[in-house]
Amino acid sequence: PILVPDAFISVTEKTTDNLVGEYLPNPKTGKYIIIVPPGQYMVTISAEGYKESSHEINIIGKNSFQPEIHKDLILKSLKEISPIHYTKIK
């Protein structure tokens, strides 16, 4: 995969839509670390010239603890996306 310069990750709590944190991936590896308490979150990655991408993640409590969750976040170039054409119907 190609690393996208200036990619930006934001995390919001799904039930309240409150911003939990903002993160920058490592520019050399593309890896990122997000530390949040148990709950449901939306992880959104964006970068200029790319279509924003959002993914839901669920962090479970201590009873079913998972030390790490690996999630690849993929951005598509706006140049690769076909434009949508709307036609007025009379």
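For the residue pair Val11 and Leu19, the shortest heavy atom distance occurs at O-CD1, 3.4 Å. The two atoms that bring Thr15 and Gln40 nearest to each other are CG2-OE1, 4.4 Å, heavy atoms only. The minimum heavy-atom distance between Asp6 and Ala47, with the atom names listed, is O-CB, 4.0 Å. Pairing each heavy atom of Pro25 with each of Gly30, the nearest pair is CB-O, 3.7 Å.
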Could you walk me through whether Glu22 and Phe8 pass the side-chain contact (heavy atoms from CB on, under 4.5 Å) test, one step at a time? CA-CA 7 Å; Glu22 299 174 322; Phe8 182 78; 3.4 Å; yes
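Annotation: the span from Ser46 atom OG to Lys51 atom NZ amounts to 12.0 Å, rounded to 0.5 Å. Considering CG of Leu24 and OH of Tyr32, their distance stands at 13.5 Å, rounded to 0.5 Å. How far NE2 of His55 is from CD1 of Ile9: 9.5 Å, rounded to the nearest 0.5 Å. In this structure, Ile57 CD1 and Ile34 CD1 are separated by 6.0 Å, a value rounded to the nearest 0.5 Å. For the atom pair OH (Tyr23) and CD1 (Ile35), the distance works out to 7.5 Å, reported to the nearest 0.5 Å. Rounding to the nearest 0.5 angstrom, the gap separating the OG1 atom in Thr44 from the CD atom in Glu56 is 11.0 Å.
Judged purely by atom type and a 3.5 angstrom limit, Thr16 uses its side chain to pair as donor or acceptor with the backbone of Asn18.
Using a 4.5 Å heavy-atom threshold, the side chains of Val43 and Ser54 count as separate. Within the 4.5 Å cutoff, side-chain heavy atoms of Ile45 are placed close to those of Ser53. You'll find the side chain of Tyr41 reaches within 4.5 Å of the side chain of Val36, heavy atoms only.
Hydrophobic clustering of Ile, Leu, Val, Met, Phe, Trp and Tyr side chains at less than 4.5 Å, counting indirect connections, unites Val20 with Ile59.
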